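In what follows, a structure is listed as structure tokens, so that the remarks can point back to it.
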Amino acid sequence: MANKVVKFGGSSLADAGQFRKVADIIKSDAKRKYVVPSAPGKRFSDDIKVTDMLYKCCELAGSGVDFTDDFRLIKDRYNGIISELGIDMSLDEDFNAIIKELKARPSKDFAASRGEFLNGKVLANYLGFNFVDAADVIIFDTKGQLLLDETVKAVREKLGGLDNAVIPGFYGRTTEGYIKTFSRGGSDVTGSIIANAVRAEIYENWTDVSGFLVADPRIVDKPDVIKVITYRELRELAYMGASVLHEDAIFPVRSAGIPINIRNTNRPEDDGTMIVSDDFDFSKESLNHTITGIAGKKGFSTINIEKAMMNNETGFGMKVLTVLYNNGLSFEHMPSGIDTMSITLSTEKLAPVRDKVMAELRKAVEPDHLEIEDGIAMLAVVGRRMKNTRGTVARIFASMAHARINVKLIDQGSSELNVIIGVSEDDLPEAIRRIYDMFINSEK
Ligand code: ASP
């Protein structure tokens with residue numbers, strides 16, 4: 001039978017009430033056979049994630065300080081969930097083994113991984129599912145790089161004979177036998193790898209939002225949820241700071257042609273966002289806005305270079321880029337005119353070498369005018385349909401003009417998947433709202 005891999009984030013499993021919602025979701029679809037849980041997350045905004053509590057215990061253990069009190073809080077979280085769910089199990093042996101190991105070898109990765117390990121055990125017991133330790137199936141090399149082929153083989157061997165399984169997220173083991181975690185938020189990656197290995201028809205990633213939003217809800221009032229987004233579009237938006245999913249969670253499913261569905265544990269009736277490849281049958285979509293999403297990022301500077309007859313000077317760009325390269329700087333955009341060139345880069349990265357870069361540029365290209373402008377925000381308007389729609393850029397500019405927002409730079413990649421504009425940081429929120437109105441509200 002076809003199967004689905006379902007991953008639940010920390011807030012989806014923060015307390016017994018959340019566990020019940022998760023169990024209802026899993027039990028409502030027999031295809032949801034493989035479950036990847038995170039560690040218990042925050043129950044309220046000032047709460048502490050179990051993962052962070054574990055990191056703290058490890059730090060204390062490493063400095064030879066008694067961590068009994070801190071560890072007790074962790075025990076209380078799990079014991080509270082177990083007793084409220086009314087399940088018959090005890091994690092005491094596991095707790096003792098963890099304390100012993102932390103005292104003997106306080107490894108950060110081992111400590112952090114226990115949050116998912118213990119939560120996986122509780123969830124498996126509550127669901128009546130098999131528990132499969134991620135240390136037996138997710139395999140890293142000695143440098144901590146995931147060994148995908150070995151992992152896929154191990155997952156298939158282990159899950160092959162099982163009707164269902166709970167596999168904790170976030171960690172695995174190295175070929176030398178040490179526990180190793182992914183970077184923070186890495187349970188997303190585990191889910192993606194398991195989905196690849198079992199050739200899932202879909203990878204459902206359950207969290208506390210109903211999918212990706214067209215724009216930042218702190219800027220636009222109740223923005224629409226993106227129903228369908230391609231992997232390429234997602235990359236553009238994620239790069240600009242829209243984050244819901246761990247970056248490394250894309251590759252394993254994308255390479256296997258498996259869509260990801262972002263869902264909300266607290267609103268399972270919502271469809272969420274589908275992340276699909278370019279060859280998805282988009283005709284099934286109900287909403288067809290020209291754009292998919294808008295994202296903005298502050299903290300950029302532009303180096304503006306002016307020189308008469310720049311266009312005739314061979315190697316001009318090369319000389320400029322060599323200066324950046326020699327100073328270890330990468331740039332974001334480089335629109336140029338006949339006699340001008342502007343290079344957008346991170347203000348923070350530029351800061352330590354700012355004067356040096358200016359002096360070297362003066363020497364390298366002898367510009368007529370050279371200046372740095374700070375306080376620039378970059379705004380990306382992303383959408384696969386822009387390619388076949390005329391007038392998109394005109395509409396973006398019209399909305400900026402009506403709001404009297406000065407566009408400082410524009411960059412449209414050859415893929416025509418996005419249009420990037422640079423505006424002053426103060427104008428960013430209004431620019432995003434205007435574009436949202438132009439493309440989403442007015443297309444409804
Ligand atoms: N529990 C880990 C973290 O807090 C991993 C995860 O939630 O995906 O980063």
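When a ligand or atom number is given, it counts from 1 through the structure's own listing order. We use all heavy atoms of the structure for the numbers below, so side chains are in, but hydrogens, waters and symmetry mates are not. Given the structure is predicted, the values throughout are model-derived calculations rather than measurements.
Under a cut-off of 6.0 angstrom, the local environment of CG in Asp163 is sparse, with at most 12 non-hydrogen atoms contributed by other residues, nucleotides or ligands.
A distance-only check finds no donor-acceptor pair linking the side chain of Ser63 to the backbone of Val65 [under 3.5 Å].
Considering only residues two or more places apart in sequence or on other chains, Leu321 meets the side-chain contact (heavy atoms from CB on, under 4.5 Å) condition with Leu324, Phe331, Met334. Take Asp141 and apply the side-chain contact (heavy atoms from CB on, under 4.5 Å) test, not counting sequence neighbours, and it matches Lys143, Gln145, Leu147.
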Pairs under 3.5 Å, N/O atoms on ligand 1 and on the protein: can you put them in a table with the distances?
residue: ligand 1; atom: 1 (N); partner: Thr51; partner atom: OG1; Å: 2.8
residue: ligand 1; atom: 1 (N); partner: Glu116; partner atom: OE2; Å: 2.7
residue: ligand 1; atom: 4 (O); partner: Lys49; partner atom: NZ; Å: 3.2
residue: ligand 1; atom: 4 (O); partner: Thr51; partner atom: OG1; Å: 3.4
residue: ligand 1; atom: 4 (O); partner: Arg184; partner atom: NH2; Å: 2.8
residue: ligand 1; atom: 7 (O); partner: Ser38; partner atom: OG; Å: 3.2
residue: ligand 1; atom: 8 (O); partner: Gly185; partner atom: O; Å: 3.4
residue: ligand 1; atom: 8 (O); partner: Gly186; partner atom: N; Å: 3.3
residue: ligand 1; atom: 8 (O); partner: Ser187; partner atom: N; Å: 2.9
residue: ligand 1; atom: 8 (O); partner: Ser187; partner atom: OG; Å: 3.0
residue: ligand 1; atom: 9 (O); partner: Arg184; partner atom: NE; Å: 2.7
residue: ligand 1; atom: 9 (O); partner: Gly185; partner atom: N; Å: 2.8

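Here side chain to side chain donor-acceptor pair (under 3.5 Å) pairs that include residues 50-59, with residues two or more places apart or in two chains, are Asp52-Arg184, Lys56-Asp70.
Under the 30°/60° scheme for interplanar angles, the aromatic rings of Phe131 and Phe117 are found to stand perpendicular.
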